[in-house]
Engineer: 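Below: one structure in structure tokens.
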Number of protein chains: 2
Amino acid sequence: MYQMVQYNVLVVDDEKEIRDAIEIYLKNEGITVLKAKDGIEALDILHQHEVHLIILDVMMPRLDGISATYKIREQKNIPIIILSAKSEDTDKILGLQVGADDYITKPFNPMELVARVKSQLRRYVSLGTFEGANKVIDLNGLTLDPVSKEVKAHGEIVKLTPIEYKIVELLMTNAGRVFSISEIYERVWKEPNYNAENTVAVHIRKIREKIEIDSKNPRFLKVVWGIGYKMEK
Amino acid sequence: MYQMVQYNVLVVDDEKEIRDAIEIYLKNEGITVLKAKDGIEALDILHQHEVHLIILDVMMPRLDGISATYKIREQKNIPIIILSAKSEDTDKILGLQVGADDYITKPFNPMELVARVKSQLRRYVSLGTFEGANKVIDLNGLTLDPVSKEVKAHGEIVKLTPIEYKIVELLMTNAGRVFSISEIYERVWKEPNYNAENTVAVHIRKIREKIEIDSKNPRFLKVVWGIGYKMEK
DNA sequence: AATTTTCTTAAGAATTACTTAAGATTGTAT
DNA sequence: ATACAATCTTAAGTAATTCTTAAGAAAATT
């Protein structure tokens, strides 16, 4: 998705089937899912984990969705998406209008759910409510601007392809940390690595060609033998 | 807020719940809130009090939001934020853009409302009577005048449709920043994107046809492969 | 020093993303 | 009701990127 950040979404619904279904759809997008079956449990999880968005069923045993919304708002400013059955009283949903950021009626289209979740996360991040990531990163003259998506090396703008950019972004935002090829693959492609060792290596090569003066003696993108690659801090 | 100034915000909505909720959030930020339940009442209050910003519901009995916007603009230059339900016709809201400075769809996140209110107030105050929002943007000869809503390329006025204008405005006020197709769709249409990739692409094409000399080699509206589009700074 | 493993490099094939055109649909004005 | 304009959909063409294959070089191991 957006900026190489790992998002945690809390799904609160009393039906296990729904919780699990949503989990599948979101995991597919590289989003981590936490689950709770009622409002009380939800508040509990909120205390223990960093959560970036909540999907909340209106009708729940123990602390229903509406009350939960208020409780959550007292503590956190994270986006809330309300889930409700079509049949349920419109007035109730109206009352929610001030507390929630969006709502979806059941049955829902998985694509729609995913789109709305992503959209809210994006807004949350771009509103700056969520600390992080719009600063230019500068590592000894290699710079990355996450807003304009521009990378400069030795003062020159480097034209990177989307995958190359994502790899550079991952390594630069975690400069000094070594990533195995598998890890790079999984975090950039958002799917498990099966046989992609070479694929990543090829991209590393292309990147070096573009950002390094002498790609045989890389100053920025270094290999850590037998382990992986890192960006020099 | 900073600057020790007392701001007065007028909230115009026919639902009491919403008026009250907004009052709570804004008071929390040290902002004074005045309330009206329709356009007529709003104009009344405007005559009696100094108001720095208005939050206006589109759908209201007696003098609806749209007409109210025009009436207010005849007299004052203060920022107007439009509130509208998701269901309400996007085109109508688009048309409104002429009078308003920002708009928010219900349901909304209180934090977002507060953020937008503060941002408008900051602009209004720090730039005198307005200026900021009303400055002509000039990017190497492509100009956009937010007051007359006119775009000129190579000295000629370009006739843009409402959607086209909104896209150009978004890109020009954030020149250099890359927007994904999803982001463009969400910020212009105010709803999450699932399948509108092509829709946006078509508008981009139409815009290029109008503002570029050679739309095959665009000088202003550039693509960033695999990521999105941007307006050249 | 020989062998194995891991990494680098190159070129062409496959895939994906973008552009463009034309017609269908929707909305607005007369 | 009709005409007109704006917007959306579909589909095909074009450009750019990504992947695969395979061979050679460097580091580690024996």
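Labels below follow one simple rule: chain letters A, B, ... track the order of the sequence lines, proteins then strands, and each chain is numbered from 1.
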Engineer: Taking CG from A:Leu160 and C1' from D:dT18, how many angstroms apart are they, rounded to a whole number?
Structural biologist: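 From A:Leu160 CG to D:dT18 C1': 14 Å.
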Engineer: Send over the distance from B:Ile163 CD1 to D:dT7 C1', rounded to a whole Å.
Structural biologist: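 From B:Ile163 CD1 to D:dT7 C1': 6 Å.
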Engineer: Mind checking if B:Lys206 touches a base, just sugar-phosphate, or nothing, with heavy atoms under 4.0 Å?
Structural biologist: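 Base, at least one base heavy atom under 4.0 Å.
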Engineer: Please report the shortest heavy-atom distance between B:Gly39 and B:Val12, naming the atom on each side.
Structural biologist: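 So the two residues come closest at N-CG1, 4.3 Å.
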Engineer: Look at the side-chain N and O atoms of A:Thr161 and state whether any lies under 4.0 Å from the OP1 or OP2 oxygen of D:dA16.
Structural biologist: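 A:Thr161 to D:dA16 OP1/OP2: no side-chain N or O under 4.0 Å.
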Engineer: Could you say whether B:Tyr185 or A:Tyr185 is positioned toward the 5' end of DNA chain D, judged by the nucleotide with the nearest heavy atom to each?
Structural biologist: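 So the residue in question is B:Tyr185.
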Engineer: Tell me: CG of B:Asn217 to P of C:dC18, nearest whole Å?
Structural biologist: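 So the two atoms are 18 Å apart, to the nearest Å.
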Engineer: Given atom CD1 of B:Ile207 and atom P of D:dC8, what is their separation to the nearest angstrom?
Structural biologist: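 Result: 12 Å.
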Engineer: Looking at D:dT9, I'd like to know if its phosphate oxygens (OP1 or OP2) sit under 4.0 Å from a side-chain N or O belonging to B:Thr199.
Structural biologist: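 The answer is yes; a side-chain N or O of B:Thr199 sits under 4.0 Å from OP1 or OP2.
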Engineer: Taking B:Glu209 first and then B:Arg205, would you say they form a salt bridge - that is, a charged N and a carboxylate O separated by under 4.0 Å?
Structural biologist: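 The answer is yes: the pair qualifies as a salt bridge.
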Engineer: For D:dT18, take OP1 and OP2 only and decide whether either is under 4.0 Å from a side-chain N or O of A:Lys166.
Structural biologist: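 Checking D:dT18 against A:Lys166, no side-chain N or O comes under 4.0 Å of OP1 or OP2.
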Engineer: Does A:Arg177 make a cation-pi contact with A:Phe179, if we ask for NZ or CZ under 6.0 Å from the ring centre and within 45° of the axis?
Structural biologist: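 Output yes; distance and angle both within limits.
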Engineer: Do any side-chain atoms of residues 223-233 of chain A form donor-acceptor pairs under 3.5 angstrom with protein atoms, and if so which ones, sequence neighbours left out?
Structural biologist:
residue: A:Glu232; atom: OE1; partner: A:Lys222; partner atom: NZ; Å: 3.3

Engineer: In whole angstrom, what separates B:Glu209's CD from C:dT20's P?
Structural biologist: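 From B:Glu209 CD to C:dT20 P: 8 Å.
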Engineer: Can you check the A:Lys210 NZ to D:dA16 P distance for me, whole Å?
Structural biologist: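 Those two atoms, NZ and P, are 13 Å apart.
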Engineer: Mind checking the CD1-CD1 spacing from B:Ile81 to B:Ile55? Nearest 0.5 Å is all I need.
Structural biologist: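 Between atom CD1 of B:Ile81 and atom CD1 of B:Ile55 there are 5.5 Å.
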Engineer: Below 30° counts as parallel, above 60° as perpendicular, anything between as tilted: where do the rings of A:Phe220 and A:His154 land?
Structural biologist: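 Ring orientation, 0 to 90° scale: tilted.
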Engineer: Could you tell me whether the phosphate oxygens of D:dC19, OP1 or OP2, come under 4.0 Å of any side-chain nitrogen or oxygen in A:Trp189?
Structural biologist: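 True: A:Trp189 side-chain N/O within range (under 4.0 Å) of D:dC19 OP1/OP2.
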Engineer: Output the rounded distance in Å from NE2 (B:His203) to C1' (C:dT19).
Structural biologist: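 Between C1' of C:dT19 and NE2 of B:His203: 15 Å.
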Engineer: Under 3.5 Å, side chain of A:Glu150 to main-chain N/O of A:Leu144, donor-acceptor pair present?
Structural biologist: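 Flag not set: sc A:Glu150 to bb A:Leu144 has no pair under 3.5 Å.
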Engineer: When you compare the protein's N or O atoms with those of nucleotides 4-8 of chain C, which come within less than 3.5 Å of each other, and at what distance?
Structural biologist:
residue: C:dC7; atom: OP1; partner: A:Gly226; partner atom: N; Å: 3.2
residue: C:dT8; atom: OP1; partner: A:Arg208; partner atom: NH1; Å: 2.5
residue: C:dT8; atom: OP1; partner: A:Arg208; partner atom: NH2; Å: 3.1
residue: C:dT8; atom: OP2; partner: A:Tyr229; partner atom: OH; Å: 2.5

